[in-house]
Structure formats: C-alpha cells, structure tokens
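A short write-up of the structure that comes next.
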There are 2 protein chains.
Amino acid sequence: MPRPTIYDVAAAAGVATSTVSRAFSSPNRVNARTREHIFSIAADLGYRPNPHARALLSGRHHTVAMVVSDITNPHYFELIRGAELRARASEYTLVLVNAEESPRVEYDQIQRLVPSVDGFVLGASRLPDENLVQIAGQRPVVLMSRELSRLPSVVLEHTQGCHQIVEHLASFGHQHLVYLAGPRNSWMATTRWSALKSAGEELGLRVDRIGPFTPKASHGAAAADGAIRTGATAIVAHNDLLAIGVMRRLAQRSVRVPQDVSVVGFDNIFAADLCTPGLTTLGGAHADVGRVAVDILLQATGPLQPSGASPQVALPTELVVRESTGARA
Amino acid sequence: MPRPTIYDVAAAAGVATSTVSRAFSSPNRVNARTREHIFSIAADLGYRPNPHARALLSGRHHTVAMVVSDITNPHYFELIRGAELRARASEYTLVLVNAEESPRVEYDQIQRLVPSVDGFVLGASRLPDENLVQIAGQRPVVLMSRELSRLPSVVLEHTQGCHQIVEHLASFGHQHLVYLAGPRNSWMATTRWSALKSAGEELGLRVDRIGPFTPKASHGAAAADGAIRTGATAIVAHNDLLAIGVMRRLAQRSVRVPQDVSVVGFDNIFAADLCTPGLTTLGGAHADVGRVAVDILLQATGPLQPSGASPQVALPTELVVRESTGARA
DNA sequence: AACCTGATGGCAACCCCTTGTCGTCTGTTG
DNA sequence: CAACAGACGACAAGGGGTTGCCATCAGGTT
C-alpha cells in the first residue's frame with residue numbers, strides 16, 4: 001500500500017486537492033473547521049507531504065550539506081554536532097560529506113549535491129577561491145575555518161589566539177619557535193603562520209616554518225624530526241592530531257616535553273586532555289562554529305533576498321594550558 | 001539564470017525532451033550520433049538532471065540515512081567514515097542523523113526522512129523491536145551494533161570478544177569483575193552483560209553488573225564510585241569513553257590502575273591509546289561495520305526484489321592490551 | 001431588497017523528468 | 001519495386017504538490 005497522497009486526503013475529506021495543500025502550507029487561507037477536518041483525515045490516513053514533490057516546484061529542499069576536509073579529524077565532531085543541532089532545530093536535514101583532503105573529491109561532491117540541497121557549509125575547504133565563488137553563485141555558501149571576501153564565514157579568532165600562544169611561550173623564555181604547517185591549500189595554515197610570525201616579530205622571537213604536513217597523528221614523526229633539526233625550543237603544530245603525533249615521536253627519540261621542547265596544538269580535541277603530557281592547545285567553541293555557520297546559511301536560504309551582507313564572524317579562542325609547555329630545564 | 005532543464009537541452013539540440021531523457025537513462029534506445037550530440041549540448045549548457053523530479057517518479061533517491069545514537073561518540077567516526085565511503089562509491093548520498101540517545105528523537109527523525117531516503121542504517125538503535133520492524137516495513141533497514149531476527153545486521157563478534165576479556169583478566173588472577181552497563185535500551189549492553197556473565201561462569205569468576213550509565217566520560221565518576229563499592233578488582237566499562245571517565249575518577253581517588261584495579265573498555269577509540277595508563281579495550285574493524293552495513297542496504301534497495309535473506313554479519317573483534325590491565329600489586 | 005466585500009475553495013497549469021504507445025523513416029528482402 | 005521489419009523519436013500522461021485566477025457564497029451595508 002503506497003503512501004497516501006494529497007489526492008487521497010482530498011477525496012476522503014470531500015474537498016479539492018488545492019484545499020488540502022493550502023491547509024498545510026498556508027493554513028489561514030482555509031476555514032478553521034475545514035482545516036481541522038482535513039488534518040484529522042490526514043492523520044487517520046498517515047499522510048505526510050512528499051518533500052520531493054514540494055521541492056520540485058519550490059526549489060527548496062530543507063536540506064543543507066556540510067562538507068568537511070577530513071571526517072576522521074575529531075576536531076570536526078563538535079562542528080558537526082553544532083551544525084546538526086541547528087539544522088534540526090529548523091527541521092532541516094544535514095547531509096554530511098567527506099572531502100578526504102582532496103579538492104577534487106570536494107568539488108565533485110559539491111556539484112553532485114547542488115540540485116539537492118539549499119546550501120553548503122564548507123569546513124576548511126581546500127578549494128581555490130574561484131571555485132568557492134563559483135559555487136556560491138549556484139547556492140548559498142558559508143565557510144568555516146576560512147575567510148574570503150564577499151562570502152560569509154565563521155572562524156575562530158586566530159590572530160589573537162596565535163598571539164596568546166607566542167606570549168605564553170615567550171613567558172617561559174623561549175626565543176625560537178617552529179610552526180609545523182598544515183596542507184598547502186589550507187587557509188588556516190596560512191593564517192596561523194602569518195599570525196605566529198607577526199606575533200614573533202612583535203615579541204622578538206624567531207619563528208620558523210616547516211611543512212606542509214597532512215595534519216594527522218601518523219605524520220607527526222616526520223614533522224617532529226624536521227622540527228628538531230630547526231633547533232627550535234618550542235613547536236607549534238597545525239593541529240592537535242599532528243601535535244600528538246609529534247609528542248609520540250619525541251618520546252621515542254627521548255626528547256622530553258616540556259623540559260627539552262614545548263609543544264602546542266590547535267583545536268583542543270578530546271584527546272588533548274588525555275595524552276601524556278597533556279597538550280597545551282588553542283581551543284574555542286567549535287560547536288558554535290557549526291551552529292553559527294548553519295544559522296547564517298539558513299538566513300541566506302530564507303525567504304528574504306540575500307541582503308548582500310556577508311557576515312564574517314570570528315568567535316573567540318582560548319588558550320588551554322596543560323603540561324606540554326614550560327620553561328626549558 | 002535558472003538551471004537548464006531537459007527542455008532547454010531538447011530545444012537546443014532540436015529533439016524531443018523524451019529523447020534527451022532516454023539519452024541519459026537508457027542510452028541504447030537512442031542513435032549514437034544523436035546521443036553524442038545531446039550530450040555535448042547538455043555539457044555546454046551545464047545540464048544536470050534534477051534528482052527530485054527523478055525521485056518523484058522512480059521513488060529512488062540515491063540517498064541513505066545513517067542514524068547514530070550519539071554523534072559525539074568517537075566510536076562512530078569510523079563507522080561513519082566506512083559508511084560514507086561505501087555510499088559514495090555507489091554515488092549515494094549519506095544523510096547523517098544524531099539521535100542524541102533519545103528514542104523519541106530517533107523515531108521522529110526517521111519518520112521525517114522516510115519519504116526522502118532509500119533506506120536506513122541504524123547505529124546502536126535505542127528503539128524497541130516493534131518500532132524497528134515497523135520502520136523496516138517502510139524502508140529497508142540495516143542494524144549496526146544490534147541484532148533482531150528477520151532484520152539484517154552488522155555487529156562485532158562480542159560473545160567471543162567478551163570471553164577474551166574475561167580470560168585476559170583471569171590470567172592475571174582476577175576473580176571478581178564488575179560490568180558498568182550501558183543504557184537500558186541498548187542491545188549491546190544486554191549482549192555484553194550476558195556474554196561476560198557466561199564467560200565468568202565458565203572460568204569461575206564472579207561478575208557483577210551496575211548501571212545503567214550513559215556511556216560518556218562525564219558519567220565515569222559515578223560509575224567508578226559504584227564500581228569501587230562492589231569490591232571488584234577489575235572493571236569492564238560499557239565503552240572507552242566511560243572507561244576513560246572511570247580512570248580519571250580512580251586517579252582522583254588515588255586508586256591505582258592497574259595495581260589496585262584493572263580497567264577494560266570497548267571500541268578502541270583513538271583516545272584509548274593516549275590516556276594514561278593506556279586503556280585495554282576490545283576493538284574491531286569499525287569502519288568495516290559501516291561499510292558492510294551500507295553494502296547490505298544498497299543490495300536491499302537495489303533492483304532485485306529483497307530476497308528475504310536478512311544477512312546477520314558478525315565481524316571479528318580483537319583485544320587490544322595496554323597498561324590499564326594487570327595483576328593486583 | 002439591492003449591492004458590495006472579503007473569505008473560501010475549485011480549476012488547471014506548472015515544476016522536471018520518465019515511460020508506454022504509436023507513428024515514421026531507413027534499410028532489407030523477395 | 002512493393003512490402004515489411006526494426007530502429008528511432010515524438011506525444012502525452014503521469015508522479016505529488018503548489019498557486020494564480022476566478023467563481024461562489026455568506027455576511028454586512030445602505
């Protein structure tokens with residue numbers, strides 16, 4: 001027995017299909033008594049409007065896609081959770097897409113979804129600017145962990161956060177840092193590097209950079225070895241996963257943390273609190289990033305014409321100090 | 001400028017819309033030269049078939065939904081990843097749904113998605129059996145981490161795994177274990193409990209159970225306190241998160257792991273390797289669970305009539321021994 | 001009582017694509 | 001050269017719902 005349609009409801013209620021349709025979509029166009037009658041019949045039949053038929057005409061699907069650069073990165077859990085929650089609150093469905101650190105995959109997946117979703121939330125997109133602009137021409141887009149003029153975005157306030165990191169390290173007397181850079185096409189990597197560098201200049205520290213590294217724990221060994229070669233006394237890794245991988249390698253090589261070298265990460269993932277020593281890291285309200293991003297997206301997909309405003313939101317960061325940083329012994 | 005439709009392509013190519021449609025959906029019904037012509041025009045125009053219009057008629061959406069009991073549980077990351085990968089390989093879209101440990105939310109979300117997806121993969125569903133059967137009547141369903149006769153499922157082989165755990169603990173001379181149970185309506189909790197219990201009987205160990213506990217690190221404190229009261233020398237927690245929470249609490253209370261008490265978890269999440277001491281846990285190929293589940297689901301949604309076969313797959317587990325287990329000192 | 005107004009609901013076109021049916025044209029066969 | 005088979009493509013009817021337009025009707029006005 002197929003799902004009942006608006007026709008079945010109309011027949012059972014003795015009204016026209018249009019009346020049934022209006023009872024659901026613009027209730028005040030229909031007499032209250034008729035409406036109640038229709039609702040009760042619909043409930044009896046177990047009628048539910050078919051979202052596809054609806055989307056066909058309206059072009060609105062009540063669905064948004066969230067694309068993340070690497071779904072296995074715990075950092076995204078919170079983002080995903082915030083986004084999912086916000087989407088659900090508006091009865092939107094969240095489609096999750098994993099770009100696997102590949103711009104190609106990312107782009108193809110997005111294009112595949114264009115006809116099916118109302119907009120995109122892109123997390124740490126690895127796509128070049130022009131692609132992003134093009135996609136934004138097809139559907140509303142909100143960037144997370146990336147900024148681009150004329151596109152709305154939500155990021156954590158990294159400039160200030162990086163400054164905090166450098167200050168924190170400087171306070172322990174460190175004079176030479178090295179930044180283990182993230183992927184080449186990562187906006188965050190560029191941003192963090194320049195923020196660290198200028199903070200270093202301001203505070204009179206030398207800041208080197210090596211990389212790029214894929215920000216996973218498994219790439220920490222290569223990163224650690226490279227870092228040691230620079231002679232820096234403090235390592236700032238592109239994210240916590242990389243930092244954890246680095247600390248493992250350092251332990252293997254009997255380099256003590258923080259007595260010989262300090263390590264700092266980004267993201268404050270769950271594991272940062274569990275590893276030994278605990279990882280000092282720059283955290284922030286990641287769930288809020290996801291939430292706010294979807295929030296902005298839903299406004300843009302809303303009935304109002306896109307107002308031309310492209311909010312660029314920067315949420316505060318906080319340096320979570322644990323045991324991986326300290327003075328050299 | 002709206003997306004080009006089949007009509008635009010037909011007009012530009014000088015053929016009927018049906019010809020364009022068939023060129024895409026049943027290519028051998030159309031002359032090769034005409035077909036190529038249509039394809040090139042379509043490419044020029046940037047035409048892509050509208051999946052909703054297609055779904056309207058065919059009822060197939062090329063979308064599957066994955067519902068997880070709690071999206072913040074790292075254990076699901078691998079499941080999600082495996083599922084996403086498998087879905088993508090068949091050009092299916094994966095919709096991710098978070099049930100937040102609430103049967104109500106889970107059910108509502110599923111019902112909302114019924115018209116939009118081809119099937120469901122349910123991870124550790126908290127729904128009662130009859131709900132699951134009912135949902136399976138509407139759309140194909142594959143269960144993960146739960147078994148129910150007549151429904152296909154993918155689980156990790158826990159009976160044997162639990163036996164391994166008990167053997168491992170027995171080999172250290174433990175004679176009294178306590179299982180910190182997961183949520184009341186969790187099939188896994190029931191399964192683990194009975195497997196641990198029968199393994200205990202077989203090997204001559206006393207096995208207690210306390211709980212239920214929400215399997216998050218934050219609930220570890222209550223669980224740890226309860227476990228201590230039982231006087232057991234080994235704690236088997238419902239999952240790694242709970243185990244980690246327990247170990248934290250034990251550290252607070254100056255109970256040494258493993259000298260005073262041993263701790264075992266389930267899932268082998270990333271963090272199990274990072275905490276101190278490293279957590280002994282029952283792992284398995286979680287990504288495979290997600291992959292196989294989607295695989296089965298796609299077969300069931302495929303053109304073949306559901307063959308009545310409901311594969312119940314059990315994948316192997318492996319006990320990952322770290323430092324949280326040992327003999328009492 | 002004649003007239004006006006606003007509320008109500010029906011008709012039918014449309015959203016984009018698929019598909020059963022049927023006509024047409026090409027090439028083949030006797 | 002006529003007749004025919006087969007390949008191809010056009011027509012039109014949905015699939016489920018929305019919406020502009022119009023007819024109707026009840027209630028209110030003068």
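What's counted below: heavy atoms across the whole structure, side chains too, no hydrogens, waters or symmetry copies. Residue numbers begin at 1 in each chain, while the letters A, B, ... track the order of the sequences.
- Contact annotation for Ser58(A): no contact, since no heavy-atom pair falls under 4.0 Å across all strands.
- The side chain of Arg54(B) contributes an N or O atom lying less than 4.0 Å from OP1 or OP2 of dT18(C).
- Each of Ala53(B) and Ala32(B) was assigned the nucleotide of DNA chain D with the nearest heavy atom; the assignment lying further toward the 5' end belongs to Ala32(B).
- For the pair Arg88(A) and Glu100(B), the salt-bridge criterion is met [side-chain N within less than 4.0 Å of a carboxylate O].
- Atom CD1 of Ile6(A) is separated from atom P of dG14(D) by 18 Å (rounded to the nearest Å).
- Taking the side chain of Val30(A) as heavy atoms from C-beta on, and the options dG9(C), dA10(D), dC15(C), the nearest nucleotide is dG9(C).
- The nearest heavy atom of DNA chain D to His52(B) and to Gly14(B) marks one nucleotide each, and the one closer to the 5' end goes with Gly14(B).
- Between Ser26(A) and dT19(D), a side-chain N or O to OP1/OP2 separation shorter than 4.0 Å is absent.
- Taking atom CD1 on Ile38(B) and atom P on dC8(D), their separation rounds to 12 Å, with Å as the unit.
- In this structure, Met188(A) and Ser145(A) approach most closely via the heavy-atom pair CG-O, 3.4 Å.
- Residue Asn50(B) places its side chain closer to dC17(C) than to any other of dC21(D), dC17(C), dG17(D).
- If you find the closest nucleotide of DNA chain C to Thr17(B) and to Ala16(A), the one lying nearer the 5' end belongs to Ala16(A).
- Of the candidates dC15(C), dG10(C), dA10(D), dC15(C) carries the atom nearest the Leu57(A) side chain, counting heavy atoms from C-beta on.
- Contact check, Ser21(B) against dT18(C): a side-chain N or O comes under 4.0 Å of OP1 or OP2.
- Two residues, Leu56(B) and Arg22(B), neighbour DNA chain C, and the one matched to the more 5' nucleotide by heavy-atom proximity is Leu56(B).
- The distance between atom CZ of Arg60(B) and atom P of dC16(C), rounded to the nearest whole Å, is 23 Å.
- Exactly one residue among Arg139(B), His62(B), His61(B) makes a side-chain hydrogen bond (donor to acceptor under 3.5 Å, both in side chains) with Asp118(B). That residue is His61(B).
- Within 4.0 Å (heavy atoms only), Arg48(B) reaches sugar-phosphate atoms of the nucleic acid but no base atom.
- The side chain of Asn31(B) has dC8(D) as its nearest neighbour among dT8(C), dC8(D), dG15(D).
- Among the nucleotides dC11(C), dC17(C), dC11(D), the one closest to any side-chain atom of Ser18(B) is dC11(D).
- Across all strands, Arg33(A) comes closer than 4.0 Å to no nucleic acid atom at all (heavy-atom distances).
- Among the atoms of the strands shown, none is found under 4.0 Å from any heavy atom of Phe24(B).
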Item to check | Verdict with reasoning, Phe24(A) to Tyr47(A), per ring-ring contact (aromatic ring centres under 6.0 Å, His included) | outcome: CA-CA 11 Å; Phe24(A) 283 99; Tyr47(A) 167 78; 5.4 Å; yes
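- For the 3.5 Å distance criterion, the side chains of Thr93(B) and Arg112(A) qualify, holding a donor opposite an acceptor.
- Using a 4.0 Å heavy-atom cutoff across all strands shown, Val15(A) reaches sugar-phosphate atoms only and no base atom.
- Nearest nucleotide to the Tyr47(B) side chain, out of dG9(C), dC17(C), dA10(D): dC17(C).
- Applying the 4.0 Å criterion to OP1 and OP2 of dG16(D), one finds that Thr5(A) has every side-chain N and O outside that range.
- One finds no side-chain N or O of Tyr7(B) lying less than 4.0 angstrom from the OP1 or OP2 phosphate oxygen of dT18(C).
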Next on the checklist: Set out, in order, the CA-CA distance, both residues' side-chain angles and the distance that settles salt bridge (charged side-chain N to carboxylate O under 4.0 Å, His left out) for Arg291(A) and Asp295(A), then state yes or no.
Outcome noted: CA-CA 6 Å; Arg291(A) 186 175 58 70; Asp295(A) 203 61; 5.7 Å; no
